[in-house]
There are 2 protein chains.
Amino acid sequence: MADDIRRRILDGEFTPGDRLPSEHSLTADYQVARSTVRSALTALSRRGLLESRPSIGWFVRSADQVQGFDRMRSFSQWAADRGTEFGGRFVHRSRGEVTVREARLLRLRYGEQVLRNTRIRMLGERPVMLERSTWAPWVTPIIESLDEDASSTTAALAEAGIDVVHGNHRIEAVAASSEDARLLGVPRSSPLLMVRRETFAKDGRPVEFGEDRYVPGVIVFEMRASS
Amino acid sequence: MADDIRRRILDGEFTPGDRLPSEHSLTADYQVARSTVRSALTALSRRGLLESRPSIGWFVRSADQVQGFDRMRSFSQWAADRGTEFGGRFVHRSRGEVTVREARLLRLRYGEQVLRNTRIRMLGERPVMLERSTWAPWVTPIIESLDEDASSTTAALAEAGIDVVHGNHRIEAVAASSEDARLLGVPRSSPLLMVRRETFAKDGRPVEFGEDRYVPGVIVFEMRASS
DNA sequence: AAGTGGTCTAGACCACCGT
DNA sequence: CGGTGGTCTAGACCACTTT
């Protein structure tokens with residue numbers, strides 16, 4: 001039922017600021033127990049779509065230009081949800097033998113081949129993010145078959161029957177390297193927001209890990225108060 | 001009961017990697033329903049102390065120097081949860097007239113007086129964070145009465161009957177200013193992680209807003225996959 | 001087969017808010 | 001006062017892991 005509520009919000013049946021029907025009436029509408037309603041609503045609030053005001057009701061949140069830290073979706077999913085024009089271009093793509101770190105993160109044996117890439121991500125004409133990824137061997141054919149300017153790897157993987165989920169993300173601040181600076185159009189050594197990211201298939205197999213470097217001030221990262 | 005579990009972990013009864021007693025046996029130990037046990041355990045997992053492995057059990061997480069993005073607690077609360085020795089020292093504290101931005105964020109009228117401070121935060125002997133805050137007039141007496149090296153403003157406010165909650169946090173990367181560099185012991189212009197923070201009283205009145213600047217690599221910020 | 005967490009039903013009482 | 005979300009009890013069934 002969480003999916004249905006989400007759809008109704010995105011369809012415009014409920015718009016930001018609106019109050020949802022009470023938990024009690026949702027219980028009747030969907031013919032489920034109240035605790036089921038609650039778990040669906042709290043799940044949506046974790047994803048930033050809803051918030052609760054005790055004794056009053058559940059409200060649809062306003063949708064800012066904000067990447068919520070509690071969501072963890074792919075860049076293109078996020079941009080698409082927001083209706084923003086986005087693009088991407090592979091700057092570099094090559095195979096190589098796994099390093100010790102890659103073997104550990106992707107659960108591979110030494111000697112196996114991985115695909116590494118660097119991709120520049122744009123919002124309109126503006127470079128906003130640099131994405132350096134390493135892909136597990138069993139998905140490299142899919143990634144290699146992509147156009148240089150393919151916008152969504154997640155969509156390509158989904159077409160191949162691989163649904164991915166995001167694991168833990170770690171956030172740091174780093175100074176732009178020479179390459180970062182050149183590709184993102186910022187001064188060398190200027191501060192960038194770095195997100196270390198892991199991606200898994202639904203069965204738990206590691207698919208990818210990567211480092212995204214964001215130009216500050218363009219995409220705002222936010223974490224919302226839960227309760 | 002969440003508090004009691006937390007205490008037992010910090011007391012060392014359970015150490016990182018340990019499996020907790022099963023939900024069923026905790027139900028018996030604490031004489032509560034299983035859903036109560038579960039809400040306590042999931043609350044602790046949101047705070048980063050536990051994680052669940054389906055069909056196996058609940059495990060104590062390795063106690064890294066990790067600040068979870070889905071928690072939003074005060075620095076001292078976080079440090080206390082981890083049993084880390086922490087400290088703080090006010091570098092600067094003074095009253096002044098509100099700026100336009102402060103008036104908006106703290107919902108004040110122009111001409112009112114606010115308290116601004118800069119505080120350096122330490123883990124052991126190491127400066128790890130610089131905290132610049134602006135406090136609403138109705139709490140300034142409490143903050144002004146604090147020792148220069150008071151470790152927790154949250155605790156002081158709680159003693160005065162003011163329970164605070166954290167609002168949205170926004171994360172960016174910034175270059176260290178001269179003052180940042182001097183106080184944190186890092187090179188000027190080196191990258192810092194900046195967290196913009198709002199704090200409210202339980203009744204919704206704004207209490208404080210601030211900018212925290214973290215030395216990268218000391219405290220790692222993490223967001224965990226929810227499901 | 002037994003035990004685990006994940007999810008669910010079907011109730012209950014509470015503090016708080018609005019009328 | 002009735003309605004709201006927050007929290008709780010006391011069960012139940014499931015998929016999955018371990019023995």
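The chains referred to below are lettered A, B, ... by the order of the sequence lines, with proteins before strands, and numbering in each begins at 1. None of the values given here were measured: they were computed from a predicted structure.
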- Note on the structure: Sorted by position of nearest nucleotide on DNA chain D, 5' first, the leading residue of B:Arg34 and B:Ser39 is B:Ser39
- Honestly, is B:Arg119 close enough over B:Phe90, meaning NZ or CZ under 6.0 Å from the six-membered ring centre and within 45° of the axis? yes
- Item | Residues, nucleotides or ligands: over 12 heavy atoms within 6.0 Å of B:Arg8 CZ | yes
Without decimals, in angstroms, what is the distance between [X] [atom1] and [N] [atom2]?
X       : N      : atom1 : atom2 : value
B:Gln31 : D:dC8  : CD    : P     : 15 Å
B:Leu26 : C:dG3  : CG    : C1'   : 14 Å
B:Glu23 : D:dA12 : CD    : C1'   : 15 Å
B:Arg53 : C:dT4  : CZ    : C1'   : 13 Å
A:His24 : C:dC17 : NE2   : P     : 22 Å
A:Ile56 : D:dT4  : CD1   : P     : 12 Å
B:Tyr30 : D:dA10 : OH    : C1'   : 20 Å
B:Phe59 : C:dT4  : CZ    : C1'   : 10 Å

- Message: What's B:Ser35 touching, base or sugar-phosphate or nothing? Going by heavy atoms closer than 4.0 Å.
- Response: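 It contacts base atoms.
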- Quiz item: A:Ser55 side-chain donor-acceptor pair to C:dC16 base, under 3.5 Å: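 Such a pair is found, so the answer is yes.
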- Message: Taking only side-chain N and O atoms of B:Arg38, does any of them lie within less than 4.0 angstrom of OP1 or OP2 on C:dG6?
- Response: yes
- Among B:Arg116, B:Arg197, B:Arg93, which one satisfies side-chain contact (heavy atoms from CB on, under 4.5 Å) with B:Ser133?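 Filter result, single survivor: B:Arg197.
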